[in-house]
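Here the structure is laid out as structure tokens; the discussion comes afterwards.
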Number of protein chains: 2
Amino acid sequence: MNNFDKKIESFYGLCRQKRLKITPQRIEVYKALMSSDEHPSAETVYKKVKKNLPNVSLDTVNRTLNTLSLIGAAFVVEGSGDVKRFDGNLENHQHFKCVKCKKIFDFQHNAFENIKAPEELGHKFKVLRATVYIEGLCQSCLEKENKIQTN
Amino acid sequence: MNNFDKKIESFYGLCRQKRLKITPQRIEVYKALMSSDEHPSAETVYKKVKKNLPNVSLDTVNRTLNTLSLIGAAFVVEGSGDVKRFDGNLENHQHFKCVKCKKIFDFQHNAFENIKAPEELGHKFKVLRATVYIEGLCQSCLEKENKIQTN
DNA sequence: TTGACAAATAGGTCTAATTACTATATAGTC
DNA sequence: GACTATATAGTAATTAGACCTATTTGTCAA
């Protein structure tokens, strides 16, 4: 069984554990999210799912993505700011976001892996994920940066 | 001169440096943001500003908040996901966000202060801020957590 | 101080993303 | 296989935020 199948397998388990029905739509949405290394928007996931399930509704995709984030099977990318973007890649990686063009860049950095939430937080809350989030200006925006466009 | 005035002062400087005009609207938006310890939405800031400038437009507030984030005088709170939320508190603090109720909790943790962006990132990008971002379920949502509401 | 010019604002309009609603279909369980 | 709660499709309704343009306002230099 390959890695991808394992993920699906454990997704099944997660659904059962949370008493969520395993529907074709849910599975397809999950697969679509897992198999995209970007940070797809609901719209993008929708298009992907539509290939296998031609008449899913966008609403279902939206609700499902939302559900996935509730059970910790996906995440809303921090700092979206524009349209919601989802991330199915739960392996440890960090995000850099350009405040100007809003693009999100993944990066890895050993020192940031396995960040542990502070004790007192863990007592009160259930932590699903801890990452480092860096904001700034990306290369191409830096180049045109001398002038700030406000209107 | 108190701390607040100092901030305003340095905001003036920042605007001049970036060749942005110092308009009453901009100042009021900045003040409104600075003086709220929440993470206000544009709407909230708008209401605050309206008290002093009764006929500002929401659009101006939106544009201005956007401008502030471009020059690093404010930040869009990571992981907004719902409506955009802004943060004028530039002192080092971290955010915990509940994936269910979307509330954002500030917290401080010494180990997370002064996180340094990795070298290779600093070369390519201009880093404005680096924080730790934790996602999970907050206390009150945990209590009702046995059942996940998906519809 | 004043005048010229570029930049910013108000206020209206518009758009696209997300959510809400409801009848129907389906997964899970006995 | 039938029952029941949950999920879905399709459509309609919201709403945050962006766009547009005439007017106003800072800024800077004479």
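What you see below is based on every heavy atom in this structure, not just the backbone, and it leaves out hydrogens, waters and symmetry mates. All chains are named by letter (A, B, ...) in the order of the sequence lines, taking the proteins before the strands, and each is independently numbered beginning at 1.
A heavy atom lying under 4.0 Å from DNA chain C marks the following residues of residues 59-68 of chain A, by number: A:D59, A:N62. Within residues 43-54 of chain B, no residue has any heavy atom closer than 4.0 Å to DNA chain D.
Contact annotation: the side chain of A:T131 never approaches that of B:V132 to less than 4.5 Å [non-hydrogen atoms, C-beta and beyond]. Inter-residue side-chain proximity for B:V45 and B:F86 is flagged as unmet; no heavy-atom pair is nearer than 4.5 Å. Using a 4.5 Å cut-off on side-chain heavy atoms (C-beta onward), B:I71 and B:Q17 make no contact.
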The test is ring-ring contact (aromatic ring centres under 6.0 Å, His included); show your working for A:H93 and A:H109 and say whether it passes. CA-CA 8 Å; A:H93 71 275; A:H109 188 54; over 10 Å; no
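Counting heavy-atom neighbours within 6.0 Å of A:Y12 OH, excluding the residue itself, gives a total of 12 or less. Taking a 6.0 Å sphere around CD of A:E119, one finds it holds 12 or fewer heavy atoms contributed by other residues, nucleotides or ligands.
One finds the NZ atom of B:K102 at 10.5 Å from the NZ atom of B:K100 (value rounded to the nearest 0.5 Å). Taking NZ of A:K50 as the reference point, atom CG of A:L58 lies at 9.0 Å (rounded to 0.5 Å).
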If a protein heavy atom is under 4.0 Å from the base, mark B; if only from the sugar-phosphate, S; if neither, -; do that for nucleotides 23-30 of chain C going 5' to 3'. ----BS--
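Neither OP1 nor OP2 of C:dT9 sits under 4.0 Å from any side-chain N or O of B:S57. Within the structure, a side-chain polar atom (N or O) of A:Q25 is placed less than 4.0 Å from OP1 or OP2 of D:dA9.
The two atoms that bring A:C138 and B:F125 nearest to each other are CA-CD2, 3.4 Å, heavy atoms only. Across all their heavy atoms, A:G72 and A:L128 have their closest contact at CA-CD1, 4.2 Å.
A:K84 places its NZ atom 13 Å from the C1' atom of D:dT15, with the value rounded to the nearest Å. Remark: C1' of C:dG12 and CG of B:N55 are 14 Å apart, rounded to the nearest angstrom. Protein atom CD1 of B:I27 is 14 Å distant from nucleotide atom P of D:dT25, rounded to whole Å.
Each of A:V56 and B:F86 lies near DNA chain D, and the nucleotide nearest A:V56 is the one positioned closer to the 5' end.
Counting non-hydrogen atoms under 4.0 angstrom, A:T150 reaches the backbone sugars and phosphates but no base.
The aromatic rings of A:Y30 and A:F11 lie parallel to each other, their planes meeting at an angle below 30°, with 60° marking the opposite boundary.
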